[in-house]
Trainee: 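Could you have a look at this structure, given as structure tokens, before my questions?
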Amino acid sequence: FPLLWRGNVEVDPLFVDVASGDYHLRPTSACIDRGVTDDAPTVDIDGTPRDNNPDLGAYESGQPRPDDVYHVSVYGNDTSDGDAAAPFATLQQGLDAATDGDTVHVHEGTYTGPGNVNLTFHGKAVVLQSTGGADSTIIDCQDSTQTRGFLFERDETPATVVDGFTIQNGNHTQGGGIYLNGSSGHYPAPTIRRCIITRNTATSQGGGIYTGNAFNQGNLHLEQTTLVANTAPRGGGLCALSSQPLLDGCRLLDNIASQGGGAALYGDGASPQLRNCLIAGNQADEDANPSVGAIHLQGTLGALQLTNT
């Protein structure tokens with residue numbers, strides 16, 4: 001018979017106590033209200049009635065879907081429920097608990113180490129928002145090899161939002177701070193808003209951000225964000241391959257690369273748009289050919305649109 005792959009949850013289900021064999025769901029589990037009624041039993045393993053929005057798993061929680069706001073704090077605990085009184089400790093735990101339409105509030109502090117770097121939204125339309133702004137809410141990759149702030153490789157839309165963070169000291173092959181890449185039918189197009197992306201390094205492309213292979217189907221939205229003092233051989237601040245990034249109200253400052261200190265834009269069909277942006281103080285290797293400090297263009301570009309920039 002045909003298999004129907006729908007409604008799957010690819011995150012920690014947040015069981016009450018796996019070690020003790022308690023597989024009931026915690027209140028903030030992403031499995032609550034995520035099941036379907038098609039051919040499903042009317043009661044769970046305990047005999048508790050299933051409702052019209054059943055939970056995934058053997059046990060029905062008997063409670064509604066979790067509130068749409070989760071909290072993360074450097075003083076939190078990942079075994080908590082993620083509410084304002086008992087926040088999670090890591091950003092990834094907040095993202096894993098959230099479902100489409102939810103918001104994760106991140107309180108002021110510096111977030112480092114596992115669970116706070118190489119972050120992924122799993123394709124969900126979730127808003128990750130700091131409560132204190134980029135100056136006081138920092139994701140520090142600590143210059144660890146193959147470590148960056150965020151990774152987007154699924155079908156994130158502009159409703160997937162990172163808002164109000166400093167992302168610093170990333171060190172990766174492509175996209176030292178943030179990496180987007182379209183592949184196998186997935187075309188990420190998240191929104192990065194009011195962030196500071198600084199002192200990140202890529203050994204190949206995109207010291208601050210790399211976005212590639214969108215083929216006009218998924219494109220980065222960068223708003224009111226500063227890319228400063230990032231480095232890479234190509235595209236110190238930003239490298240965009242075959243994609244159409246939109247930069248609105250952004251600043252590309254003091255980034256360094258062999259080609260395209262501020263940005264490197266190349267590949268077939270690339271049509272980047274820059275509106276109300278400031279590009280200043282970026283540097284390229286004077287011995288490189290070509291050597292362009294601000295924006296390096298290469299390939300069959302669709303069109304580069306500059307408005308008030």
Side-chain angles (χ1 to χ4, degrees), residues 72-76 78 88-96 104-122 126 128-154 156 160-181 188 190-212 220 222 225-240 250-257 261-264 282:
V72 177
S73 168
V74 292
Y75 305 107
D78 277 349
F88 295 129
T90 65
L91 282 69
Q92 191 63 64
Q93 186 67 32
L95 292 173
D96 287 351
V104 180
H105 284 163
V106 181
H107 297 265
E108 297 181 5
T110 298
Y111 294 83
T112 63
N116 291 314
V117 296
N118 294 326
L119 298 164
T120 177
F121 282 71
H122 303 292
V126 170
L128 183 71
Q129 184 178 53
S130 72
T131 61
D135 288 336
S136 59
T137 314
I138 300 167
I139 298 171
D140 190 349
C141 300
Q142 299 179 304
D143 201 33
S144 298
T145 304
Q146 299 299 101
T147 300
R148 56 167 70 97
F150 292 90
L151 168 71
F152 299 96
E153 288 187 304
R154 301 291 292 275
E156 291 87 2
T160 300
V161 179
V162 177
D163 186 352
F165 295 87
T166 291
I167 303 165
Q168 66 184 31
N169 298 324
N171 186 337
H172 220 288
T173 307
Q174 295 175 310
I178 297 174
Y179 176 87
L180 298 84
N181 194 48
T191 298
I192 310 299
R193 179 181 299 140
R194 292 190 290 256
C195 289
I196 300 171
I197 302 171
T198 184
R199 300 196 303 276
N200 300 288
T201 300
T203 57
S204 177
Q205 304 173 103
I209 299 175
Y210 173 85
T211 174
L220 170 69
L222 199 65
T225 288
T226 298
L227 291 88
V228 56
N230 302 286
T231 60
R234 176 178 284 181
L238 167 71
C239 182
C250 296
R251 301 188 300 168
L252 282 71
L253 308 174
D254 302 325
N255 301 287
I256 300 174
N282 302 286

Trainee: Can you give me the closest heavy-atom contact between Leu119 and Gln92, atom names plus distance?
Mentor: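 Scanning both residues completely, I find the closest heavy atoms to be CA-OE1, 3.4 Å.
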Trainee: Tell me, do Gln174 and Arg234 make a side-chain contact under 4.5 Å, heavy atoms counted?
Mentor: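 SC-SC contact between Gln174 and Arg234 ruled out.
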Trainee: One pair to check against side chain to side chain contact (heavy atoms under 4.5 Å, CB included): Thr201 and Thr231. What are the steps and the verdict?
Mentor: CA-CA 5 Å; Thr201 300; Thr231 60; 3.3 Å; yes
Trainee: Verify the neighbour count for atom CZ of Arg251: are there more than 12 heavy atoms of other residues, nucleotides or ligands below 6.0 Å?
Mentor: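 No, CZ of Arg251 has 12 or fewer neighbouring heavy atoms, counting only those of other groups under 6.0 Å.
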Trainee: Please enumerate all residues that pass side chain to side chain donor-acceptor pair (under 3.5 Å) together with Thr120, with sequence neighbours excluded.
Mentor: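 Partners of Thr120 by the side chain to side chain donor-acceptor pair (under 3.5 Å) criterion come out as none, since no residue qualifies.
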Trainee: For residues Val106 and Leu128, determine if any side-chain heavy atom of one lies less than 4.5 Å from a side-chain heavy atom of the other.
Mentor: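 Yes, side chains in contact.
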Trainee: Does the side chain to side chain contact (heavy atoms under 4.5 Å, CB included) test come out yes or no for Thr112 and Val117, once each step is laid out?
Mentor: CA-CA 7 Å; Thr112 63; Val117 296; 6.0 Å; no
Trainee: Evaluate the side-chain proximity of Asn230 to Leu238: yes if any heavy-atom separation is below 4.5 Å, no if none is.
Mentor: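 They are not in contact (no side-chain heavy atoms under 4.5 Å apart), so the answer is no.
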Trainee: Any donor and acceptor pair, going by atom type alone, linking the side chain of Asn116 with main-chain N or O of Leu91 inside 3.5 Å?
Mentor: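 A pair under 3.5 Å: yes.
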Trainee: Within a strict 4.5 Å, meaning less than it, do heavy atoms of the Thr173 and Thr203 side chains meet?
Mentor: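 In short, these two side chains touch, coming nearer than 4.5 Å.
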Trainee: Kindly indicate whether the side chain of Val104, heavy atoms from C-beta on, has any atom under 4.5 Å from the side chain of Val72.
Mentor: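 Side-chain contact under 4.5 Å: yes.
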Trainee: Closest approach of Ser204 and Ala232, non-hydrogen atoms and distance?
Mentor: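 Ser204 and Ala232 have their closest heavy atoms at O-CB, 4.5 Å.
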Trainee: Would you mind reporting whether Val162 and Phe152 have side-chain heavy atoms less than 4.5 Å apart?
Mentor: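 Yes, at least one pair of side-chain atoms sits under 4.5 Å.
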Trainee: When Ile197 is tested against each of Leu252, Ile209, Val228 for side chain to side chain contact (heavy atoms under 4.5 Å, CB included), which residue passes?
Mentor: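 Looking at Leu252, Ile209, Val228, the match for Ile197 under the side chain to side chain contact (heavy atoms under 4.5 Å, CB included) is Ile209.
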Trainee: Less than 4.5 Å apart, any side-chain heavy atom of Leu95 and any of His122?
Mentor: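 No, side chains not in contact.
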Trainee: At their closest point, which heavy atom of Leu227 faces which heavy atom of Gly237, and how far apart are they?
Mentor: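 Leu227 and Gly237 have their closest heavy atoms at CD2-O, 2.9 Å.
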Trainee: Could you measure the distance from the OG1 atom of Thr110 to the CD atom of Gln168? Nearest 0.5 Å is fine.
Mentor: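 Taking OG1 in Thr110 and CD in Gln168, the distance rounds to 7.0 Å.
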Trainee: Can you classify the ring geometry of Phe165 versus Phe150 as parallel (below 30°), tilted (30 to 60°) or perpendicular (above 60°)?
Mentor: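 Because their plane-to-plane angle is over 60°, the rings of Phe165 and Phe150 count as perpendicular.
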Trainee: Between Asp78 and Thr90, is there a side-chain donor-acceptor contact under 3.5 Å, judged purely by atom types and distance?
Mentor: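 The criterion, which ignores hydrogens and geometry beyond distance, is satisfied for Asp78 and Thr90.
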Trainee: Measure across Arg193 and Thr225 and return the closest heavy-atom pair with its distance rounded to 0.1 Å.
Mentor: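 Reported closest heavy-atom pair: C-OG1, 3.8 Å.
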Trainee: Does the side chain of Asn200 pick up a donor-acceptor pair with the side chain of His172 at under 3.5 Å?
Mentor: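 Looking only at side-chain atoms, His172 and Asn200 do not form any donor-acceptor pair under 3.5 Å.
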Trainee: CG of Asp135: more than 12 outside heavy atoms within 6.0 angstrom?
Mentor: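 Not buried by this count: 12 neighbours or fewer within 6.0 Å.
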Trainee: Nearest 0.5 angstrom please: Ile167 CD1 to Arg148 CZ, how far?
Mentor: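 Reported value, rounded in 0.5 Å steps: 11.5 Å.
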Trainee: Mind checking the CG-CG spacing from Asn282 to Asp254? Nearest 0.5 Å is all I need.
Mentor: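 Here the interatomic distance stands at 6.5 Å.
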Trainee: Looking at every non-hydrogen atom in both residues, tell me the closest pair between Ala134 and Ser130 and how far apart they are.
Mentor: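 Nearest heavy atoms, Ala134 then Ser130: N-OG, 4.4 Å.
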Trainee: Please name the pair of heavy atoms, one in Asn255 and one in Gly236, separated by the smallest distance, quoted to 0.1 Å.
Mentor: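 Nearest heavy atoms, Asn255 then Gly236: CB-C, 3.9 Å.
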Trainee: Taking atom types as modelled, is there a side-chain donor on Gln142 or Asn169 under 3.5 Å from an acceptor on the other?
Mentor: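 No, because no side-chain N or O of Gln142 sits under 3.5 Å from a partner of the opposite role on Asn169.
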Trainee: Donor-acceptor pair, distance only, cut-off 3.5 Å: does the side chain of Thr226 make one with the backbone of Ile196?
Mentor: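 Such a contact is absent between Thr226 side chain and Ile196 backbone.
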Trainee: When rounded to the nearest 0.5 angstrom, what distance separates OH in Tyr111 from CD1 in Ile138?
Mentor: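 With rounding to 0.5 Å, OH (Tyr111) is 10.5 Å from CD1 (Ile138).
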Trainee: About how many Å separate OH of Tyr179 and OG1 of Thr211, when rounded to the nearest 0.5 Å?
Mentor: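 If we round to the nearest 0.5 Å, Thr211:OG1 and Tyr179:OH are 9.5 Å apart.
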